[in-house]
Amino acid sequence: MPLRPRPFRSTRPEPGILEERPETPIPEQAWPRVRADELVTLVAHVFAAHGFPEARARIAAEALCHGDLTGSPATGVAELTRTHLPLLKNGHVVPRAEPLMIADRGAAALLDYRRASGLWAVGDAMDRAVTRAGRFGVGLVSLRGVGPFGRAGHHAARALPHAMIGLVLAAGGEPGQPMNPLGMAAPGGAYPEFVFDMDHPGQEAAAGFTLLVEVLAGVLSGVADHEHDTGLLVMAIAPTTLRSADGFYRAASALFGSMLGWEGGAPIRYPGWREAQHLEQCRALGVPLAGPVRRELDGLAASLGLPPLTNVG
């Protein structure tokens with residue numbers, strides 16, 4: 001076992017008092033790795049065992065594992081036993097809930113997902129927005145009645161395979177549970193796709209940003225009339241309905257290319273660049289998992305009669 005250096009002490013502890021040393025965290029680079037597909041498949045099996053339809057379980061698993069695959073493990077599978085399974089067990093999230101269409105105006109719609117898992121529901125809403133954007137140039141879905149949904153940027157990025165811009169705004173939510181209020185994704189032209197997640201706005205812009213989100217995601221969806229609920233605005237924009245595909249590609253390439261550079265010996269990158277690199281690395285080398293999270297997942301696998309996750313490397 002490698003020795004850990006003793007911390008420097010300016011004074012000696014009082015006699016008879018044992019000093020507790022904080023446990024040295026293991027850096028993420030040293031965490032054991034598992035195959036990305038195997039991780040997503042196991043989480044999908046766990047959701048299916050709790051009542052999710054198969055396709056819905058897979059979408060939810062991909063949304064939950066997004067944090068681990070893109071370098072934000074605190075918002076990844078660590079939330080499975082901490083947040084999502086307890087909400088399923090106490091009935092606050094209904095695994096087979098079907099959305100209710102409240103208003104359909106062509107390019108825009110309002111839906112109540114009736115306590116469906118946000119990991120699935122927000123992605124489903126983006127898919128609906130993409131379909132509408134394909135017809136009208138823009139698709140807007142206002143929704144309510146969803147549980148925790150993970151990272152907004154992941155759901156916004158569902159527009160990218162369709163060469164569209166995705167936007168997700170969220171308001172409300174469960175008291176005491178941090179929420180990611182804004183996510184945006186856009187094609188990067190010749191460069192990696194832009195995927196942006198905002199947790200908290202800067203202090204100066206906080207009031208204005210909060211009101212913007214509350215109006216577009218809260219007031220519009222009617223979530224204020226529903227206690228412990230989350231309201232969202234999900235939007236997809238099809239740029240090629242407004243301008244040529246080549247023109248948009250060249251403009252996006254010029255914009256994101258201009259964001260790259262070096263400062264103080266460190267590379268300057270825009271949101272989405274490092275996440276794309278981390279995703280590529282995880283797919284090639286495996287996904288790093290902290291010890292406690294790995295043990296929880298292996299325990300869930302055993303409870304379902306499935307083999308534990310296998311180490312990579």
Side-chain angles (χ1 to χ4, degrees), residues 26 28 30-99 113-127 145-151 154-155 157-158 173-174 177-180 230 278-279 281-313:
I26 300 174
E28 182 183 332
W31 291 353
R33 292 177 176 267
V34 300
R35 297 187 186 280
D37 286 346
E38 190 176 328
L39 175 63
V40 175
T41 297
L42 172 58
V43 175
H45 280 308
V46 172
F47 282 134
H50 285 79
F52 280 57
E54 184 177 348
R56 190 177 297 193
R58 183 75 187 188
I59 292 172
E62 290 172 350
L64 185 59
C65 294
H66 171 79
D68 302 278
L69 290 167
T70 55
S72 300
T75 61
V77 292
E79 290 288 298
L80 180 61
T81 58
R82 187 165 54 202
T83 299
H84 298 282
L85 294 188
L87 289 173
L88 286 164
K89 290 174 181 176
N90 63 27
H92 289 174
V93 169
V94 180
R96 292 182 176 269
E98 292 295 334
Y113 275 82
R114 302 195 287 187
R115 293 192 293 164
S117 166
L119 294 170
W120 164 77
V122 181
D124 178 74
M126 178 55 74
D127 293 346
V146 302
F149 54 84
R151 304 296 290 176
H154 167 76
H155 301 291
R158 292 181 72 88
E174 290 287 333
Q177 290 188 356
M179 187 172 59
N180 172 214
T230 302
H278 198 278
L279 176 60
Q281 183 184 69
C282 286
R283 286 174 173 165
L285 303 177
V287 184
L289 291 179
V293 175
R294 173 66 181 274
R295 289 190 289 272
E296 286 181 350
L297 291 173
D298 286 344
L300 288 169
S303 70
L304 299 175
L306 299 171
L309 293 166
T310 53
N311 287 336
V312 175

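Nothing fancy with the numbering, it's 1 onward along the sequence. These figures come from a predicted structure and were not determined experimentally.
- For the pair Asp68 and Cys282, the minimum side-chain heavy-atom distance is 4.5 Å or more.
- Between Arg56 and Glu98, at least one side-chain nitrogen of the basic residue sits less than 4.0 Å from a carboxylate oxygen of the acidic one, meeting the salt-bridge criterion.
- Inter-residue side-chain proximity for His66 and His155 is flagged as unmet; no heavy-atom pair is nearer than 4.5 Å.
- Val122 has its side chain out of reach of Met126: every pair of non-hydrogen atoms, C-beta onward, lies at least 4.5 Å apart.
- Between the Asp298 side chain and the Leu309 main chain, a donor and an acceptor come within less than 3.5 Å of each other.
- Annotation: side chain of Leu42 is not in contact with side chain of Leu300 (no heavy-atom distance under 4.5 Å).
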Side chain to side chain contact (heavy atoms under 4.5 Å, CB included) between Glu296 and Leu289, intermediate numbers included: CA-CA 11 Å; Glu296 286 181 350; Leu289 291 179; over 6 Å; no
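- Pairing each heavy atom of Val146 with each of Gly118, the nearest pair is CB-CA, 4.0 Å.
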Verdict with supporting geometry, Leu69 and Leu39, side chain to side chain contact (heavy atoms under 4.5 Å, CB included): CA-CA 10 Å; Leu69 290 167; Leu39 175 63; 5.7 Å; no
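- Proximity of Arg158 to Ile59: side-chain heavy atoms (C-beta onward) are separated by under 4.5 Å at one or more points.
- The side-chain heavy atoms of Val287 and Val77, taken from C-beta on, include no pair separated by under 4.5 Å.
- Salt-bridge formation is detected for the pair Glu62/Arg58: a Lys NZ or Arg NE/NH1/NH2 atom is positioned less than 4.0 Å from an Asp or Glu carboxylate oxygen.
- In this structure, Thr81 and Leu85 approach most closely via the heavy-atom pair CG2-CD1, 4.2 Å.
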Check against side chain to side chain contact (heavy atoms under 4.5 Å, CB included), Glu79 and Leu64: CA-CA 8 Å; Glu79 290 288 298; Leu64 185 59; 4.1 Å; yes
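- Put simply, the side chain of Arg96 gets close to the backbone of Gly51: a donor and an acceptor are under 3.5 Å apart.
- At a threshold of 4.5 Å between non-hydrogen side-chain atoms, the residues Glu38 and Thr310 count as touching.
- None of Tyr113, Phe149, Phe47 except one satisfies the side-chain contact (heavy atoms from CB on, under 4.5 Å) rule with Trp120; the exception is Tyr113.
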